[in-house]
Amino acid sequence: MKIEGKHKLWKDYQKEIADNHFYYVRSCIRQNFFPASEVHLLKILREDLGKDIFDDPRHTTCTGIGYHADIIPFETIMTVVARHFALMTEKGYKNLLISCVTSFGIYTEILETWRHFPEVENKIREKLKKATGRTFEIPVNMIHTSDVVYKFRNEINNLAKYPLVNVNTGKPLKIVEHIGCHYSKMFPNKGVGGAEFPYVLAGMVEAWGGEVIDYPERRHCCGFGFRQYLVMANRGYSVSNSKKKFESMKDFEPDLIVANCPGCTMFMDKWQYTIGEMEGITYGKYGEGIPVLTYEELAGLVMGYDPWDLGLQMHQIGSEPLLDKMGIPYDPELKYKGKNGKNIGAPKVPAYCTIN
Amino acid sequence: MKGLFDKLMEDVRFEEGLKACMNCGVCTAICPAAEFYNYDPRQIVTRVHSRDEETILDLLKSETIWYCGQCMSCKTRCPRGNVPGLIIMALRKLSQEEGHFTESEKGRQQFAIKRTVGENILQYGYCVIPENINPDLHREQGPVWEWIFKNIGDVMDRLGANYKKEGAGALRKISDESMKELHSIFEVTGGKQLFNKIEEFSLQKARELNWEYKEKGIDNDYFRHTYTDNNGTHTKT
């Protein structure tokens, strides 16, 4: 096959992704909204692919949400990140696996800053030593969690039970892939496929049998905007940007959206509900919403994990239409149950974005 | 005494973000904030390029520096390697250090962010914790989050998190030892000092505007003002 156009371009932006032995740092947003995605990332890598990952309880937030909302000085976040480097160094690891796109952007920004301003690195080494007594080495390989799932996309496909194909029509599912801005817009050569044609999610979709939708606002921000969401008075910014994307993608009738950023995944799920309540507009073909999944949730479904073990009940937009298209069996009665079937009630049904 | 431009130049992000702008406007064309707010990143770059102290002082007191959403799309596209998003970060930092942020409605919101995200970091070691995503303050989160919020322990337990417990895992309790190190980093690197400045200048402004202010928490009128007020003059329509 002749490689041309976008396929040729993304090949210019390849990155090295380590094969094994990762030191894992978690994400604030993912822990709150998609805890099962973090659980399944570790499960898939360790149990299905036989990889070694160190999950260290000692690391903290990187403070990234505060940093981009301007309440955290650059020196502070650099030193918090330097502490994480130190914890990794102490455990003998060299490959840093970062669960959050905001964090990934920050870790990258910090290393780039130190490359341009070596005196800043020296200063941070002194600050860390003074604050904690710790020293560190720079990671040899620094990757986002979507990078590692991308790297092993073919191995995951070898274990696939439910490919991304509509069982009723036999056609590939039509999938919107959304890349968090800080994955590669700041440092294009640190992301698979660069900033213009990032391939990290598209590669997974294609490997698992789906078809990527190329819509006009594909690269537009989800609208998180840090302070533009954190403060209630500013949330019009946030929902307007997501709406711009939904309006742009709806005519392509996507079966699902997959995102690699914790915030984007949550916002594109919740803003569909909000737009429904505000304006009575929904973006699914039959008045439902478009399911928005993390890449672990998508990988997990493909591999045959139970949808409710994967945490799909935490999404506002129901994923049942997608499960039906993929031919995945599920028990609706168990969706909102606690551990061991404990009854913990169920959410109220909204006026819009419901499943018919 | 150092001028404002010199103080901006002490921030490596400013040095890195400001090269030679040729006013092409690509940053404004790609900017989500420019589409929503009365905002133009090209003009911000032009104004700081002037090195004029009064112009920079006006920016530090302005609404406009608070409109950027930090997506950093401008960094990808600028043909000259400027980064308006980084220049904004340096301006916002200086605005808070000099106390000018309380002169604008959007700037005063730093108090709300400090009282929420800032306190989460210092108390729990996370930017966000589920107990503080109160449905009353987050209507957009919808009925599923409301259900999760009411049953947080059971939902997290069902999904394999390690909610508020010792050891590794999602939403684990950060140990006292790690929290001590985090606090020490904040002391040594100016993090605590910036928090204190946000509080001090906010208290002054609350007094000036005659808003109720409390030393802690979000149950006070100044928090509600900074978290919810929108005078309707910020957007294009």
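The sequence lines fix the lettering, A, B, ..., with proteins before strands; numbering per chain opens at 1.
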Segment of [X] engaging chain A (4.5 angstrom heavy-atom cut-off):
| X | value |
| --- | --- |
| E35(B) | side chain |
| K150(B) | neither |
| F195(B) | side chain |
| I174(B) | side chain |
| L91(B) | neither |
| M179(B) | neither |
| C74(B) | neither |
| T226(B) | backbone |
| I185(B) | both |
| Y163(B) | neither |
| E146(B) | side chain |
| I113(B) | both |
| S73(B) | both |

Rounded to the nearest 0.5 Å, how far does [atom2] of [Y] lie from [atom1] of [X]?
| X | Y | atom1 | atom2 | result |
| --- | --- | --- | --- | --- |
| K185(A) | T76(B) | NZ | OG1 | 6.5 Å |
| D157(B) | I344(A) | CG | CD1 | 9.5 Å |
| T189(B) | K130(A) | OG1 | NZ | 10.5 Å |
| T228(B) | R235(A) | OG1 | CZ | 10.5 Å |
| Y67(A) | I121(B) | OH | CD1 | 13.5 Å |
| K93(B) | F74(A) | NZ | CZ | 11.0 Å |

- Query: Parallel, tilted or perpendicular for W145(B) and F33(A), by the 30°/60° rule?
  - Reply: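 Taking F33(A) first and then W145(B), their aromatic rings sit tilted (interplane angle of 30° to 60°).
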- Would you call the rings of H138(B) and Y229(A) parallel, tilted or perpendicular, where under 30° means parallel and over 60° means perpendicular?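 Tilted, since the angle between the ring planes falls between 30° and 60°.
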Between [X] and chain B, with a heavy-atom cut-off of 4.5 Å, which part of the residue counts as in contact: side chain, backbone, both or neither?
| X | answer |
| --- | --- |
| Y273(A) | side chain |
| V80(A) | both |
| R134(A) | side chain |
| M314(A) | both |
| N234(A) | both |
| E109(A) | side chain |
| T79(A) | both |
| V39(A) | side chain |
| H68(A) | both |
| W308(A) | both |

- Identify which one of Q96(B), K114(B), R92(B) satisfies the side-chain hydrogen bond (donor to acceptor under 3.5 Å, both in side chains) criterion when paired with D70(A).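 The option that passes is R92(B).
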- Item | Pair E196(A) + R77(B), salt bridge at N-O below 4.0 Å |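 Answer for the salt bridge query: yes.
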- Task: Considering only NZ, NE, NH1 and NH2 on the basic side and carboxylate oxygens on the acidic side, decide whether E277(A) and R139(B) come within less than 4.0 Å.
- Result: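 Looking at R139(B) together with E277(A), the answer is no, because their closest N to O distance does not fall below 4.0 Å.
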When only pairs under 4.5 Å are counted, which of [options] shares the most heavy-atom pairs with chain A?
| options | value |
| --- | --- |
| C71(B), A161(B), G191(B) | C71(B) |
| T116(B), L137(B), N162(B) | L137(B) |
| I152(B), V128(B), N230(B) | V128(B) |
| D154(B), V83(B), N120(B), I198(B) | D154(B) |

Look only at the side chain of [X] and the backbone of [Y], and say whether a donor-acceptor pair between them is shorter than 3.5 Å.
| X | Y | value |
| --- | --- | --- |
| Q110(B) | A69(A) | yes |
| E181(B) | A131(A) | no |
| R158(B) | K342(A) | no |
| H182(A) | Q70(B) | yes |

- List the atom of Y37(B), the atom of Y237(A), and the distance in Å for their closest heavy-atom pair.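 Result for this residue pair: CE1-CD1, 3.5 Å.
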- chain B: which of R58(A), E75(A), R83(A) shares the most heavy-atom pairs with it under 4.5 Å?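 Going by pairs under 4.5 Å, I would pick R83(A).
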